[in-house]
Amino acid sequence: MPVCRSRVFTSQLSPEMDGRVVHLLGWVHDVRDLGKIVFVLLRDKEGIVQLTIKAGSVPSEVLEIAKSLSREDVIHVEGVVKKSQIAKLGIEVIPYKIEVISKSDRVVPIDITGKTPADLNTRLKYRVLDLRRAENWAIFRIQHAVLQVIRSFLVERGFIEVFTPKIIATATEGGANLFRVDYFGKVAYLAQSPQLYKEQLCAVFERVFEIAPAFRAEKHDTNYHLNEFISVDIEMAFADMFDVMELLEDLIVEIYRSVKDRCRRELQVLGIDLRVPEKPFPRFKYSEVIDYLVERGIEVKWGDDLSTYHLKVFSERVGQQPYFIYYWPTALRPFYTKPCDDNPEESESFDLNIEWLEVASGGTRIHDKDLLERRIREQGLDPQSFSSHLQFFKYGMPPHAGWGLGLSRLLMMMLRRKDIREVVLYPRDRYRLEP
RNA sequence: GCCCCGGUCGUAUAGCCUGGUCUAGUAUGGCGGACUGUCACUCCGCCGACCCGGGUUCAAAUCCCGGCCGGGGCGCCA
């Protein structure tokens, strides 16, 4: 077995290394056998390099092995780096040894080189193989970059990262259905949101964030819903809606800027010319959106939720710039949302949309226990079932605000993918529980 | 859950409307062969498929019904 520590990645190869001996490990991406000369493309986590095996200039057994290789074989190569004008990357490697570490079946279910495209459904069935394609290499490296930015951005602003339980006892905080699980004979549920926990924690650490899965047992069937998704949640004490909107705005700009700067190769693979949004993002009151839609002749009235169709019409006027819709009717928001002091029908709440899709939502939360209990009742819920949460509002709950951001929704819109499943490694939807 | 559309080699598709010349075409892939600079190598030969069940008919990939699966639109959705 080859040793990892002497290994060189394809990204480390350069024309300046001309003449150096290197050890490479990776997968056979493609083989072009011209008879007395064979070209093998070796792929590792960083990229692809061409191995050139020419009769007469390599040992004859190396030529034989090269001819016998098939796509996706795992190989170990020892060879000499050669500067080359003919090879596309400006370099190639002349192997003096090729060792097959792991043989692949000759027929691979999907084409990893990307020449013969497969449907999304087929790709998801063979997801691990699909993930070897350049497109996915780019998508998930960008996702990683986004996560890094989020963490460093929030940490710089005094937030600490927390983890809240995903197996919870008490039922709902609202309408969405929860998955039931058997917890040593007791009924438990998978958390649909860290909302209540992060509010409690902001009465301790003041600024907390969590990046974790959320579960929704909803039978939706769209390109932008999943039953398990990664939610980026923050909660901030002594803050209101405007504070956390500005924080979100800064974060989004920082994400775009950083991806544009650090992921050039990835964006190039995806054919994306990323435009960094400008601050401040347009802000529209919910009532303005309704007025606009009514003007356009659409039948909708104050108090209705905005459908995808409504948002598609409205977003035409905004373009690709992310924008806020704020001051939503209190009745459309969850019970913990703070109603406006001067008009309790409206609430201090907002959504952040990119085009027609809600990417994040948040607002000022209620910190007054009596008001919170009243709102729970008004939403048709039982304050009794929230008693363990409500008790902490007796012991110094600061005013606070926060938001939740759908990581994959942001990524999907940023990278202009048509389906959220494309930007999730192993998507869980209504019909898909495997792989 | 509703409306519309579809299911053909490993993958992506043509054929279906107008049933029989479909022994199901093409591309890519796989196998065998030729080729010393390919980079979607090229060229020659071969391999490989009509979602399942029922019906109509002399005859079904093709028409009809049901099921399952998939795509688009909507709904559901903190």
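Hydrogens, waters and symmetry mates play no part in the numbers below; they use all other heavy atoms, side chains included. Chain letters run A, B, ... following the sequence lines, proteins first, then strands; residues in each count from 1.
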Sub-4.0 Å heavy-atom contacts from residues 281-306 of chain A onto RNA chain B, ordered by number: none

Touch class at under 4.0 angstrom, heavy-atom based, for A:T222 against every strand present: base

Validation row: A:Y286, A:D351 side chains within 4.5 angstrom (heavy atoms): no

Presence of A:T308 side-chain N/O under 4.0 Å of B:G73 phosphate oxygens OP1/OP2: no

A:N136 side chain to A:D130 backbone, donor-acceptor under 3.5 Å: yes

Touch class at under 4.0 angstrom, heavy-atom based, for A:S307 against every strand present: sugar-phosphate

Pairing residues for A:E210 by the side-chain hydrogen bond (donor to acceptor under 3.5 Å, both in side chains) criterion, not counting sequence neighbours: A:T164, A:K166

Sugar-phosphate only, base, or nothing, as touched by A:R432 at under 4.0 Å among non-hydrogen atoms: nothing

A:R123 side-chain N/O to B:U11 phosphate OP1/OP2 under 4.0 Å: no

N/O donor-acceptor pair, side chain A:E92 with base B:G37, under 3.5 angstrom: yes

Sugar-phosphate only, base, or nothing, as touched by A:K312 at under 4.0 Å among non-hydrogen atoms: sugar-phosphate

Sugar-phosphate only, base, or nothing, as touched by A:L34 at under 4.0 Å among non-hydrogen atoms: base

Sugar-phosphate only, base, or nothing, as touched by A:N223 at under 4.0 Å among non-hydrogen atoms: sugar-phosphate

Between B:G19 and B:U57 - C1' atom distance, rounded Å: 9 Å

Any residue of residues 340-360 of chain A with a heavy atom less than 4.0 Å from an atom of RNA chain B: none

B:G29 base / A:K115 side chain donor-acceptor hit below 3.5 Å: no

Proximal nucleotide (of B:C76, B:U28, B:U36) relative to the A:E218 side chain: B:C76

Touch class at under 4.0 angstrom, heavy-atom based, for A:A118 against every strand present: sugar-phosphate

